[in-house]
Amino acid sequence: GQQVMQIPQYQHVQEGEDFTTYCNSSTTLSNIQWYKQRPGGHPVFLIQLVKSGEVKKQKRLTFQFGEAKKNSSLHITATQTTDVGTYFCAGRAGGTSYGKLTFGQGTILTVHP
Amino acid sequence: NAGVMQNPRHLVRRRGQEARLRCSPMKGHSHVYWYRQLPEEGLKFMVYLQKENIIDESGMPKERFSAEFPKEGPSILRIQQVVRGDSAAYFCASSIDGGELFFGEGSRLTVL
C-alpha cells in the first residue's frame, strides 16, 4: 500500500535558525497536505498543494510539491518558539481528490530560545 | 460553527471491556475519518466514512473494531474486548468535500 515517509523525525534548532522537513511518497499523489500538531493538541491544517512543482508561501513558511508529485517539503525561515510542534505531511493516492489521506510519521520541531 | 466534537476526551477501560468513541462532525460535513495515534508517532488511518456508508476501512483491524456514521447522530468508533495495545489517542476528522480535514481534540483511551 501507499507509504509516506518524512525526515527528519526530530529537529532541534535555535530560535532564528531555519528548518526544513521532507516528505516522500512511494506512489504518485493527487495532492499533498501539511498539518501542524502542538504538544498535547490536535492536528491543524496548514495548506494543500495540488499542482506539479507548486510552491506556496504563508509568511515564514514555504511549501513545495515536487515535479513528479511524489515528494514535498516545508521550510520555515527564522524559526520562533511558537513554531514548536510536530509537522505532518499527508497525501492522497493519484487519481483521487478525496478519500484516504495517508500521513507521514511527522517531524517533531523543538525551538530553543 | 462549532468544530469537530469528540467524546469522551478521556476513557479508561479494563481489558475485555468495550470502548465507544463518538464524533460529531462540523455542520455540513459529510466525510468522517478516524485516525489512531501513539505517543510521538504519526497518525495511522483507520476508516473513512460518509453518511451511512463505510468508504474505506483498510486501516481497521479485522476483529474487535467497527465504525459507523448513521444518518442521524454522531459517528461511532467501537472497540470490543479492549487490550492494552489499544491504548492510544483516537482522532476524528471531518471534511466538507474530502479535502482539508478538521480534527477534533481526540479521545484518549487507556486500557488497564
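Chain naming here is simple, since letters A, B, ... match the order of the sequence lines and numbering starts at 1 in each.
- In plain terms, the two heavy atoms of B:Cys23 and B:Trp34 that are nearest each other are CB-CZ2, 3.4 Å.
- There is no contact between B:Ser95 and chain A, counting heavy-atom distances below 4.5 Å.
- For B:Ile55, no part lies under 4.5 angstrom from a heavy atom of chain A.
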- request: Verify side chain to side chain donor-acceptor pair (under 3.5 Å) between A:Ser72 and A:Trp34, making sure each step is shown before the conclusion.
  value: CA-CA 9 Å; A:Ser72 181; A:Trp34 285 89; 3.0 Å; yes

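- Both the backbone and the side chain of A:Leu101 come within less than 4.5 Å of a heavy atom in chain B.
- Note on B:Asp56, B:Val47, B:Leu43: by heavy-atom pairs under 4.5 Å with chain A, the leading option is B:Leu43.
- If you measure heavy-atom distances from A:Gln37 to chain B, the contacts under 4.5 Å come from the side chain alone.
- Only the side chain of B:Tyr35 comes within contact range of chain A, with heavy atoms under 4.5 Å apart.
- Distance alone, capped at 3.5 Å, is enough to place a donor-acceptor pair between the B:Gln6 side chain and the B:Gly106 backbone.
- The backbone N or O of B:Leu101 sits less than 3.5 Å from a side-chain atom of A:Tyr35, completing a donor-acceptor pair.
- Using a 4.5 Å cut-off between heavy atoms, B:Glu100 touches chain A through backbone and side chain atoms alike.
- Ranked by heavy-atom pairs shorter than 4.5 Å toward chain A, the options B:Arg108, B:Gln50, B:Lys44, B:Gln37 are led by B:Gln37.
- Using modelled atom types, no side-chain atom of B:Ser107 and backbone atom of B:His10 make a donor-acceptor pair closer than 3.5 Å.
- Every pair passing salt bridge (charged side-chain N to carboxylate O under 4.0 Å, His left out) that includes a residue from residues 85-96 of chain B is listed here, sequence neighbours excluded: B:Arg64-B:Asp86.
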